[in-house]
Structures are given as structure tokens and as C-alpha cells.
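Reading through the C-alpha cells given below for one structure.
We count residues from 1, following the sequence as given. The structure presented is a predicted model; accordingly, all values stated were derived computationally and were not measured. Worth knowing before you read on, the calculation uses all heavy atoms, side chains too, and leaves out hydrogens, waters and symmetry mates.
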Amino acid sequence: VSQSRYPHDSRGETRETQPTPKEFKKLTLDQIKAKLDTLHGAPVTPESDRMEQRLVERWAELDPLSAATYAAQAVDAGALDKLLQVVMAIWAKSDPVAASAWAVSLSSPDLREKAVRQIYRTWSATDPGTAATSLSRLPKGSSQTIAAEAIGENYAQTNLTQALEWTKTLTGAVRNSALRAVLGKWTQTDPQGAAKWIVQQGYEIQWSAVQRLASDWVRKDPSTALAYGTSLAGSSLGSKLGLGPIQRRFMESALNTLISSDPRGAATWLATPAGSTYFNDAAPSVAGTDQGVGCGNQRDCQVGHFRFPH
């Protein structure tokens with residue numbers, strides 16, 4: 001494996017005209033390694049980064065295993081993550097099973113997670129069902145969790161019904177990761193539909209899913225999300241949260257998200273009758289934001305120069 005140019009020093013500037021795309025496609029493995037050797041020790045610049053990436057892309061087409069080894073060593077030594085990502089994407093298109101087996105064997109947790117994420121992101125973009133089935137072959141732990149997230153994002157876009165059924169076959173952190181990813185796509189366009197599905201599930205799935213629903217929904221439509229969370233939603237939403245731990249978890253996530261993204265809007269809502277139940281718990285967080293929000297009490301909840309009387 002040709003030695004990576006990382007770490008580098010400032011000596012030995014090497015300037016070489018980049019081959020055209022057609023010329024890259026004609027490079028042999030020996031030629032690729034020779035060109036990479038000329039980069040070793042040269043200053044790292046955007047131009048040299050592009051050259052290295054294109055050479056490694058061609059290398060991955062010829063010999064993905066050795067190209068992956070080179071890329072992992074380079075990224076570990078300071079190269080851009082993109083170098084490893086492009087190799088994993090190319091390998092995943094030709095042999096995702098071999099690529100994933102190599103990725104999980106990496107000793108570096110950081111490199112392993114980056115490689116697994118890219119492989120399953122690429123694989124599930126064209127065949128989410130097979131990628132999902134392969135999940136059980138990965139070692140338990142972060143590899144499965146990261147792969148589940150990557151699969152869920154693409155599965156939800158290609159077949160939401162199958163993606164939801166798949167999440168119910170998983171357990172623990174892997175299920176939570178997959179469910180958050182699937183819901184993340186669904187709630188962007190149809191939070192009410194996602195809410196209706198969630199309340200029809202068992203307690204464990206509701207508990208896992210309701211935070212993502214709340215945070216995404218309150219960004220998209222704060223008034224409707226908060227009305228739903230306070231059980232004030234009518235039948236027009238198609239479902240209704242019952243009082244209890246799930247409802248409290250929803251509201252905690254919704255308010256935390258709203259306070260973070262729109263503290264003025266949060267202060268406004270807390271000063272309303274609907275927000276009175278949550279005022280004592282949430283007002284200190286509103287006051288602690290960096291946008292000049294002050295909520296000393298509900299009767300005098302102010303944001304900058306604005307006051308919102310109860």
C-alpha cells in the first residue's frame with residue numbers, strides 16, 4: 001500500500017497537472033501508487049486533496065480492499081473524511097457484504113463508524129430491504145446502531161410501510177436509532193400521520209418515537225404540535241395523546257426544541273392558559289437563552305422589549 005502523505009511537512013512542493021477524467025480511468029494500480037507517492041510530503045492544499053481523492057477513487061474501482069486500507073490510514077492521520085467515504089461508497093456498490101465485513105474489523109471506533117455509515121447509506125439507497133436483513137450479521141453495538149440509522153433514512157423514502165414494520169422487528173438502541181431515522185423523514189412531510197401511527201403502537205415504541213415526533217413537529221408547526229401535546233387537539237388530527245408519561249415526554253421534547261430554536265415563541269406560549277401547566281418547569285430554560293428572554297413569572301413573561309401578560 002502506497003504510503004499516505006499524512007502527516008506531512010512543508011517541504012517538497014510537488015505540482016503536477018491533474019489527469020483528465022478519461023486519463024484517470026486508464027490509470028493502472030502501479031501508476032496510481034506512483035502518483036500518490038509524489039504527493040507524500042507535499043503541502044496539503046485543496047488541489048492536492050482533489051488529486052488524492054480522484055486517485056483513490058480509481059484505486060477503489062481496481063482493488064477496493066487495498067484502497068480502503070490506504071484511505072483509513074490517511075483519514076486516521078489527518079486526511080479529510082471524504083477520502084474514506086468515497087472508497088466505501090464505491091465498494092458498497094460492488095460488494096456491500098465484503099465492504100461491511102472489512103469495516104467492522106477496523107480497530108478505530110471512529111473509522112469503523114464512518115465506514116459502516118457510508119456503506120449502509122450507499123447500500124440502502126438502492127436496496128434497503130437487503131441492507132436491513134444484513135443488519136443482524138454486524139457485531140452488536142455501535143455498528144448495528146449506525147447502520148440502522150443509515151438504512152432507516154433511505155427505507156422511509158422508498159417504502160415507508162415496510163420501513164415501519166422493519167423497525168418493529170428490532171430491539172433496544174438499534175430499534176431506537178432506526179425509528180428515529182424513519183420518523184425523521186416522515187415527520188418532515190406528515191407529522192400528523194406519524195402521530196397517528198405512534199399512538200397505535202405499544203408503549204415501548206411510543207416511548208422511543210415520541211421525542212423525535214415532538215421535536216420535528218414543533219419546528220414545522222409549533223401551535224399544532226403544542227396543541228396535540230397538551231391533549232387539546234381535536235379529531236381533525238386523527239389521534240390524541242392520552243395523559244401520562246408519553247404525553248409528558250412529548251411536551252418535554254417539544255418545549256426543549258422550541259426554547260432552543262425560538263425562545264420568543266416559547267415565552268409567548270408559556271404565557272398563555274395552555275402553557276400555564278409547564279411554566280414553572282420551562283421558564284428558567286427560556287430565561288437562560290442568549291436572546292434576552294426574561295420570564296420571572298407568568299404574569300410578567302417578557303422577551304426583550306415585549307411583554308406577554310397572562
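In summary, of the residues considered (T126, T122, I119), a side-chain contact (heavy atoms from CB on, under 4.5 Å) with K93 occurs for T122 alone.
No continuous path of hydrophobic side-chain contacts links M88 to I90 [ILVMFWY only; heavy atoms under 4.5 Å].
The shortest heavy-atom contact between L226 and A254 is CD2-CB, 4.2 Å. Taking both residues in full, the closest heavy atoms of D216 and G184 are given as OD2-CA, 3.6 Å, listed atom of the first, atom of the second, then distance. R58 approaches L27 most closely through the heavy-atom pair NE-O, 3.2 Å. Contact record, N154 with S124: ND2-OG, 2.8 Å, taken as the closest heavy-atom pair.
For the 3.5 Å distance criterion, the side chains of T161 and N159 fail to qualify, holding no donor opposite an acceptor. Side chains of D63 and S66: a donor on one and an acceptor on the other come within 3.5 Å. Side-chain contact, E153 with Y120: no donor N or O sits under 3.5 Å from an acceptor N or O. For the residue pair T133/T130, the side-chain donor-acceptor check at 3.5 Å is not satisfied.
The aromatic rings of W217 and F250 stand perpendicular to each other, their planes meeting at an angle above 60°, with 30° marking the opposite boundary.
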May I have the step-by-step check of side-chain contact (heavy atoms from CB on, under 4.5 Å) for I246 and V199, ending in yes or no?
CA-CA 9 Å; I246 300 296; V199 298; over 6 Å; no
Checking K168 against I205 for the side-chain contact (heavy atoms from CB on, under 4.5 Å) test, could you report, in this order, the C-alpha distance in whole Å, the side-chain angles of both residues, the deciding distance, and whether it holds?
CA-CA 8 Å; K168 292 193 285 186; I205 289 181; 3.5 Å; yes
